[in-house]
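Worksheet: one structure, shown below.
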Amino acid sequence: MIHKHSATLHGHRTSFSLEDEFWCELKAIAKERGMSLASLITEVDDERGGLGNLSSSLRLYVLRYLKGSSPVIGSDMASEPPPSAKAHA
């Protein structure tokens, strides 16, 4: 189920929609990293540099974190070809 969430980022209110599973993982990641959920969301927002939307950036952050990849938005992962393209190279 997708739920709308709100956060204050650098003094501005914003909202984003996430599935419950992503929301739970974000909370777990924040706890694991010893930071507040608001700080983690702000970090992801800052790293995306205005590209894409916050909901998508948060989902990608969780995915990369769980895969053990660099969770930084805009990292080299974005410029790499998909694994299927590498296999055919």
Side-chain angles (χ1 to χ4, degrees):
M1 185 123 202
I2 295 178
H3 287 95
K4 194 164 213 107
H5 302 274
S6 297
T8 301
L9 308 175
H10 302 293
H12 300 283
R13 291 294 282 172
T14 189
S15 62
F16 51 92
S17 299
L18 285 177
E19 293 80 2
D20 292 337
E21 293 83 358
F22 283 104
W23 183 245
C24 289
E25 288 300 330
L26 271 178
K27 291 193 295 188
I29 291 168
K31 184 176 180 180
E32 184 177 310
R33 291 188 56 200
M35 62 193 313
S36 70
L37 182 57
S39 295
L40 178 60
I41 293 169
T42 298
E43 181 180 291
V44 171
D45 185 56
D46 289 346
E47 290 173 356
R48 74 185 174 105
L51 300 175
N53 65 55
L54 182 56
S55 299
S56 294
S57 294
L58 290 167
R59 287 184 191 98
L60 289 172
Y61 178 89
V62 168
L63 177 64
R64 290 175 179 148
Y65 189 91
L66 294 175
K67 290 178 76 175
S69 303
S70 171
V72 176
I73 306 303
S75 70
D76 290 341
M77 264 184 85
S79 62
E80 289 184 23
S84 58
K86 288 182 188 176
H88 293 91

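Everything numeric here is computed off the predicted structure, so don't read it as measured data.
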Contact list for residues 32-44, test salt bridge (charged side-chain N to carboxylate O under 4.0 Å, His left out), sequence neighbours left out: Arg33-Glu43
Residues in side chain to side chain donor-acceptor pair (under 3.5 Å) contact with Ser17, at least two apart in sequence or another chain: none
Within one Ile-Leu-Val-Met-Phe-Trp-Tyr cluster: Ile41 and Leu63, side-chain cutoff 4.5 Å: no
Test ring pair (Phe, Tyr, Trp, His ring centres under 6.0 Å) applied to His5 and Trp23, step by step: CA-CA 9 Å; His5 302 274; Trp23 183 245; 3.7 Å; yes
Minimum heavy-atom distance [X]-[Y], with the two atoms named:
X: Leu54; Y: Arg48; result: N-NH1, 3.6 Å
X: Ser6; Y: Phe16; result: C-CE2, 4.5 Å
X: Thr42; Y: Thr8; result: OG1-O, 4.3 Å

Distance from [X] atom [atom1] to [Y] atom [atom2], nearest 0.5 Å?
X: Leu9; Y: Thr14; atom1: CG; atom2: OG1; answer: 6.0 Å
X: Arg59; Y: Asn53; atom1: CZ; atom2: CG; answer: 7.5 Å
X: Cys24; Y: Glu19; atom1: SG; atom2: CD; answer: 11.5 Å
X: Glu47; Y: Tyr61; atom1: CD; atom2: OH; answer: 7.0 Å

Glu21 side chain reached by Val62 side chain, heavy atoms, under 4.5 Å: no
